[in-house]
Amino acid sequence: MPTLAITNFNIVLSVLGGFISLFGLVSYLLKENFYLSEALISLLAGVVVSPNAANLIRPLEYTSDNPAHVDLITLYFSRLVLGVQLVLAGVQLPSRYLAHKWKPLSLLLGPIMVAMWLSTSLIVWALVPGIAGGGFLYALAVGACVTPTDPVLSNVIVKGRFADHNVPKELQRIIIAESGANDGLGYPFLFFALYLIKYGAREAMGMWFGETWGYTILLSVVYGSVVGWLAKELLHWAEERKFVDRESFLVFAISLSLFIVGTCGMVGSDDVLACFIAGNVFTWDDWFRLETLDDSLQPTIDMLLNVSIFMWYGVVCPWSSFVHNEVVPIYRLVPLGLLVLVFRRLPWVFAIHKFVPQIEEVRQAIFVGFFGPVGVSAIFYLYIALEFLDTMDVAGQDRKEIDQLAETIRVVVWFLAACSIVVHGLSIPLGKLGFYLPRTLSRATTTSINDPDDAPPFTSSRVSLLGIRGAFRRSRAGTGTPGHTPAGSTATAGAVFRISGTVIPGGNVGQRPDPGPTVGVVGTSSASEPPGRTIRFPDELPPAASLSHA
């Protein structure tokens with residue numbers, strides 16, 4: 001007789017697969033019309049299935065009730081996601097980008113990161129009462145974890161329709177480059193404080209310059225450069241001889257990231273920075289980037305990793321400790337989160353924006369300054385710090401004080417990451433709502449409701465589901481093209497309509513934006529677009545041509 005097998009493995013697969021499928025059904029609507037980030041939606045979904053709510057995902061049961069093993073899973077999962085994301089971030093940048101844009105990048109990675117670190121540490125020192133016993137050094141350790149901007153959450157403002165319409169390409173690229181590079185550069189800030197806490201000034205400085213800068217940072221840069229260059233040359237060699245098929249070609253950057261994370265992890269170097277450097281060197285001649293420009297494998301892997309990691313964060317985040325802990329009360333945590341979001345980055349980017357050519361005006365400076373999210377990289381450095389403190393044995397220093405520092409780092413960093421995911425995930429939709437809602441309300445009050453011909457299109461309070469369905473059918477039937485309103489339709493490209501009380505700019509929901517010129521035909525290109533694919537793989541060639549290349 002059949003029996004139910006309600007095991008943890010089956011539950012995890014069912015929950016993860018079911019959420020990704022349901023999210024996929026409305027993903028375009030949520031991301032491109034409501035401007036909601038997949039990170040925020042996945043985090044909330046993780047909270048729903050966590051032990052605090054539905055109790056479908058139970059991490060402690062997977063590790064025999066050992067919280068330390070849950071921490072290790074979170075650390076390794078974060079490493080994996082960062083490694084893949086940073087190789088893909090390096091591949092996205094144009095040819096020799098780091099060499100050409102080293103001046104603005106040096107400002108963002110030097111003075112700006114130091115200012116972010118110190119300002120965050122000062123806020124933590126002022127508002128966390130438990131940190132005062134260890135002095136400002138403890139606050140520096142906490143501030144170092146949230147100093148890097150997160151490359152995963154930065155995708156909200158550098159990808160999609162919002163970025164295409166509002167963020168210039170050069171600004172998108174400098175944000176990608178900064179968020180990719182400063183992730184690996186979080187090590188010096190973190191271990192500057194940790195070494196001083198453990199060893200004292202003289203020995204700590206020797207280890208900081210020798211181990212952190214020499215072995216961890218410089219070695220990772222050299223290693224990433226060598227591996228990226230060798231991978232590029234080997235892929236060129238294999239493609240010229242028609243040894244590689246299309247699928248292996250597309251997945252090459254992702255497999256490269258796995259190799260670098262594994263090998264750097266074995267030698268104890270900075271795998272995060274090495275992945276970003278390798279990705280940029282791998283596409284140094286722009287060949288791989290242009291050949292994969294019209295393919296969706298990399299964004300697909302990117303999306304799957306994002307959804308999975310933020311669901312896991314929603315499950316393992318210590319939500320209850322924000323209210324019940326021994327280091328900082330909730331009435332201090334809330335202003336701490338708000339002050340960090342405002343003063344961690346915004347004033348310093350605004351102060352130097354005239355020296356960064358990609359930031360052309362004040363509005364862009366405010367935009368770049370505000371969108372410096374705290375996410376996967378902060379959680380990664382949180383568990384690096386906890387791992388160091390867990391093995392730390394300081395002669396003459398109270399172990400209870402070290403445990404209190406570990407608890408402070410855990411509570412504060414998790415709270416700041418959760419605040420950033422929520423605030424930055426809602427900033428764009430709320431900003432859009434605040435911009436369009438007054439206009440719509442003003443238009444509605446000045447339009448006579450007795451004369452429907454004078455009313456603006458799609459401003460009725462009734463949901464126009466039939467219009468959405470009709471637009472979708474017309475698009476599928478070929479009577480309309482993406483980005484083009486068919487003749488006789490009342491919608492216009494600049495129309496404003498309302499769905500469930502939310503004001504959304506744009507055309508029909510069922511229509512997709514104009515993808516631009518088609519790429520992928522050999523030898524064709526557009527004046528406004530880079531050339532498409534120029535190579536053909538053995539499985540794409542006719543039989544005769546395939547034999548001639550054999």
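When a residue number appears, it is its place in the shown sequence, counting from 1.
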For the residue pair [X] and [Y], what are the closest heavy atoms and their distance?
X      : Y      : answer
Ala39  : Leu153 : CB-CD2, 3.4 Å
Val374 : Ser420 : N-OG, 2.8 Å
Pro59  : Trp312 : CB-CH2, 3.9 Å
Pro104 : Val356 : CB-CG1, 4.0 Å
Ala89  : Ile176 : O-CG2, 3.7 Å
Asp294 : Arg246 : OD1-NH2, 4.3 Å

Taking only distance into account, with no hydrogens and no angle test, what donor-acceptor pairs under 3.5 Å do side-chain atoms of residues 223-233 form with protein atoms, sequence neighbours excluded?
from   : atom 1 : to     : atom 2 : distance (Å)
Tyr223 : OH     : Thr263 : OG1    : 2.6
Ser225 : OG     : Val221 : O      : 2.7

Got [X] and [Y] here, is their nearest side-chain heavy-atom distance under 4.5 Å?
X      : Y      : answer
Phe310 : Val152 : yes
Trp348 : Ile352 : no
Leu389 : Ile409 : yes
Val349 : Ile112 : yes

Distance in Å, [X] [atom1] paired with [Y] [atom2], rounded so as to fall on 0.5 Å steps:
X      : Y      : atom1 : atom2 : value
Trp208 : Phe192 : CH2   : CZ    : 6.0 Å
Asp390 : Asp71  : CG    : CG    : 9.0 Å
Glu247 : Asp295 : CD    : CG    : 10.0 Å
Ser257 : Phe282 : OG    : CZ    : 11.0 Å
Trp287 : Leu235 : CH2   : CG    : 4.0 Å
Ile384 : Ser377 : CD1   : OG    : 12.0 Å

Which of parallel (below 30°), tilted (30 to 60°) and perpendicular (above 60°) describes Tyr35 and Phe162?
-> perpendicular
Could you tell me whether [X] and [Y] have their ring centroids closer than 6.0 angstrom?
X      : Y      : result
His424 : Phe370 : yes
Trp213 : Tyr187 : no
Tyr381 : Phe189 : no
His100 : Tyr97  : no

Could you tell me whether the side chain of [X] and the main chain of [Y] form a donor-acceptor pair under 3.5 Å?
X      : Y      : answer
Arg344 : Gly372 : yes
Thr120 : Trp117 : no
Ser248 : Val244 : no

Which pairs would a plain distance check flag for residues 12-26, meaning a side-chain donor or acceptor within less than 3.5 Å of a matching protein atom at least two apart in sequence or in another chain?
from  : atom 1 : to    : atom 2 : distance (Å)
Ser14 : OG     : Asn10 : O      : 2.7
Ser21 : OG     : Gly17 : O      : 2.8

Does anything in [range] form a salt bridge (charged side-chain N to carboxylate O under 4.0 Å, His left out)? List the pairs, not counting sequence neighbours.
range            : value
residues 173-195 : Glu170-Arg173, Glu178-Arg345
residues 73-83   : Arg79-Asp271
residues 346-358 : none

Who are the ring pair (Phe, Tyr, Trp, His ring centres under 6.0 Å) partners of Phe380, not counting sequence neighbours?
-> none
Mind running side chain to side chain donor-acceptor pair (under 3.5 Å) on Asn306 and Ser42 for me, showing each step along the way?
-> CA-CA 8 Å; Asn306 289 352; Ser42 303; over 6 Å; no
Donor-acceptor side-chain pairing of Tyr313 and Thr74 below 3.5 angstrom | no
State, without any angle test, whether Glu211 and Tyr195 hold a side-chain donor-acceptor pair at a distance under 3.5 Å.
-> yes
Between Arg96 and Asp286, is the closest basic N to carboxylate O distance under 4.0 Å?
-> no
Determine, stepwise, if the pair Ser95 / Trp284 fulfils side chain to side chain donor-acceptor pair (under 3.5 Å).
-> CA-CA 5 Å; Ser95 173; Trp284 197 252; 5.9 Å; no
